There are 2 protein chains.
Amino acid sequence: MFERYFQHFNETVPLTAAEQEFIKSYLTVKKLRKRQYLLQEGDVCNCVAFVEKGVMRLYRLGDDGAENIIVFATDGYFITDLYSFITNEPSGYHIDAVEDSELVIITRSASDELRKLSAKYQEFIFLKTSEAYIQLERRITSVISLSLEDRYKELLTNFPDIIHRVPQHMIASYMGLTPETLSRVRKRITIQN
Amino acid sequence: MFERYFQHFNETVPLTAAEQEFIKSYLTVKKLRKRQYLLQEGDVCNCVAFVEKGVMRLYRLGDDGAENIIVFATDGYFITDLYSFITNEPSGYHIDAVEDSELVIITRSASDELRKLSAKYQEFIFLKTSEAYIQLERRITSVISLSLEDRYKELLTNFPDIIHRVPQHMIASYMGLTPETLSRVRKRITIQN
DNA sequence: GAAAACTCTTGATCTAAATCAATAATTCTT
DNA sequence: AAGAATTATTGATTTAGATCAAGAGTTTTC
């Protein structure tokens with residue numbers, strides 16, 4: 001149930017068996033069917049989810065009703081609305097399952113308590129938050145400085161599994177494009193090679 | 001010298017006078033003239049800088065030699081290449097001063113040591129990293145879902161001082177636009193109101 | 001297993017932003 | 001103070017991406 005989570009944890013900050021059991025006591029498991037919500041706009045985000053298996057997305061609804069996808073999370077990644085989680089303010093985003101998914105959940109209260117009790121947990125989430133920041137910074141860099149072709153190629157190399165597990169129109173949304181344009185970008189790339 | 005830094009720190013995590021003196025012993029001050037580098041591409045980023053006064057920017061050079069500005073930092077903000085800082089890998093970015101600036105510097109070694117010795121420092125940088133993440137996520141959201149007009153208006157409300165202290169062509173770079181297009185966006189906005 | 005819903009591609013047209021080019025205003029330099 | 005560099009605006013043209021529209025292939029669903 002927690003295999004990937006602790007594999008991930010141990011790769012970042014090594015744990016003893018006892019420490020692992022202690023941390024495990026603060027975690028719960030949640031299974032979501034495709035299209036089920038983890039968070040809906042207006043609710044306060046009270047947890048951070050680690051994707052053991054599956055694909056999740058965080059998105060907002062535009063004025064015209066279009067889904068603007070901000071973040072994907074596949075196996076081994078975290079997902080939450082950090083703003084709402086930290087401030088306790090209602091979220092402006094939705095989080096739902098793109099495919100049937102298995103999540104390891106830690107609530108805010110559990111996380112706050114655990115941070116005080118475990119220096120290793122504290123270190124773990126600090127490093128994970130830093131990594132998440134770096135990833136977003138990379139994405140900003142590619143959005144403002146690369147061509148569509150190069151942005152798509154970058155996605156392919158950085159997150160090959162996302163590309164293959166998520167419908168193309170969601171990738172288009174994630175890149176801020178229409179599905180038609182993404183289809184043409186892909187065509188241009190395959191013709192070139 | 002450290003006024004703003006500790007003002008900021010105390011607003012986030014309150015410190016006693018003794019704690020403040022202790023943390024201060026890990027910090028140094030650096031003054032940069034306009035256009036001076038804090039970090040150059042290829043160097044390892046060995047510090048995090050807090051802007052006491054001034055404006056800094058982080059950018060990369062595109063293949064065509066264009067400057068792609070990823071982040072600005074004015075008074076009260078931090079700037080670093082977090083990837084290089086954490087991994088010790090050479091940076092792909094430049095950081096320089098947009099105007100004469102006064103920085104509070106903490107080196108990697110000082111930061112690592114201080115994190116172990118001060119739970120409050122640990123908490124401070126955790127919260128600051130989280131805030132930085134949230135800011136980038138907001139920016140991604142606006143890039144993929146808003147019109148240029150709305151993106152510029154958002155910048156105006158979120159960072160009014162940046163707009164007024166930084167040349168417009170740098171704002172254009174930061175938004176991933178040409179200076180001409182930004183000039184026209186601004187014109188459209190002023191005509192509307 | 002047929003109908004409905006979703007997914008992707010392709011074409012034609014329109015529109016917004018980039019590019020090219022010129023000019024004026026401002027600020028550095030020496 | 002004069003010349004050079006930087007900065008911002010505006011116009012004309014080109015180009016990349018959005019929009020509108022249709023169709024074919026897949027997957028869901030009942």
Side-chain angles (χ1 to χ4, degrees), chain A residues 32-36 54-55 57 59 62-69 72 96-100 142-153 155-156 162-193, chain B residues 32-36 54-55 57 59 61-69 72 96-101 142-153 155-156 162-193:
Chain A
L32 287 185
R33 283 277 168 75
K34 184 171 172 174
R35 302 226 132 247
Q36 263 191 280
V55 182
R57 62 172 180 162
Y59 63 100
D63 302 328
D64 53 352
E67 292 171 350
N68 304 124
I69 300 176
F72 284 113
D96 71 7
V98 177
E99 55 180 56
D100 293 358
S142 76
V143 167
I144 70 165
S145 63
L146 297 185
S147 67
L148 291 189
E149 275 89 336
D150 289 343
R151 283 173 61 195
Y152 185 75
K153 285 179 191 163
L155 247 190
L156 267 177
I162 287 183
I163 303 280
H164 297 110
R165 289 165 72 180
V166 165
Q168 251 183 87
H169 68 269
M170 289 192 188
I171 305 290
S173 164
Y174 178 77
M175 293 178 71
L177 306 178
T178 61
E180 294 95 325
T181 297
L182 180 58
S183 174
R184 284 168 182 132
V185 167
R186 280 164 48 86
K187 196 180 176 187
R188 271 182 264 162
I189 290 174
T190 50
I191 287 169
Q192 276 171 15
N193 305 332
Chain B
L32 288 186
R33 282 278 168 74
K34 185 172 173 173
R35 302 226 132 245
Q36 261 191 284
V55 182
R57 62 172 179 162
Y59 63 99
L61 292 179
D63 303 330
D64 54 351
E67 292 172 350
N68 305 123
I69 300 175
F72 284 112
D96 70 8
V98 176
E99 55 182 54
D100 294 358
S101 299
S142 76
V143 168
I144 70 165
S145 64
L146 297 184
S147 68
L148 292 189
E149 273 90 339
D150 288 344
R151 284 173 61 197
Y152 185 76
K153 284 179 191 163
L155 247 187
L156 267 177
I162 287 183
I163 303 278
H164 297 112
R165 288 164 72 178
V166 164
Q168 248 183 85
H169 68 270
M170 290 193 188
I171 304 289
S173 164
Y174 177 78
M175 293 179 71
L177 305 178
T178 60
E180 294 96 326
T181 296
L182 180 58
S183 173
R184 284 168 183 133
V185 167
R186 281 164 46 87
K187 197 180 177 187
R188 270 182 265 161
I189 290 174
T190 49
I191 286 169
Q192 274 170 20
N193 306 334

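This structure is a prediction, so every number in the text was calculated from the model and none was measured.
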For [N] and [X] - does any side-chain N or O of the residue sit under 4.0 Å from the phosphate oxygens OP1/OP2?
X	N	answer
B/R35	C/dC28	no
A/S183	C/dC8	no
A/T181	D/dA18	yes
A/K187	C/dT9	no
A/H169	C/dC8	yes
B/T178	C/dA17	no

Do side-chain atoms of B/R165 reach the backbone of B/G54 as a donor and acceptor pair under 3.5 angstrom?
yes
Check for a donor-acceptor pair, side chain of A/S173 on one end and backbone N or O of A/I69 on the other, with a separation under 3.5 Å.
yes
Quick note, B/R184 side chain, CB onward, closest among D/dT19, D/dG17, D/dG11 is D/dG11
Between [atom2] of [N] and [atom1] of [X], the distance in whole Å:
X	N	atom1	atom2	value
B/E180	C/dA24	CD	C1'	15 Å
A/E67	C/dC6	CD	P	11 Å
A/L146	D/dG17	CG	P	13 Å
A/R186	C/dC8	CZ	P	8 Å
B/L148	D/dA18	CG	P	12 Å
A/L177	D/dA18	CG	P	6 Å
B/M175	C/dA18	CE	C1'	15 Å
A/I171	C/dT9	CD1	C1'	17 Å

Nearest heavy-atom pair of B/A97 and B/R33: which atoms, and what distance?
CB-O, 3.6 Å
What residue among B/R186, B/R184, B/E180 forms side-chain contact (heavy atoms from CB on, under 4.5 Å) with B/L182?
B/R186
Using a 4.0 Å heavy-atom cut-off, does B/L182 contact any base of the nucleic acid, only the sugar-phosphate backbone, or nothing at all?
nothing
Distance alone, cut at 3.5 Å: any donor-acceptor contact between the side chains of B/D96 and B/Y59?
yes
Check this for me: does the side-chain of A/Q168 come within 3.5 Å of the base of C/dC6 through a donor and an acceptor?
no
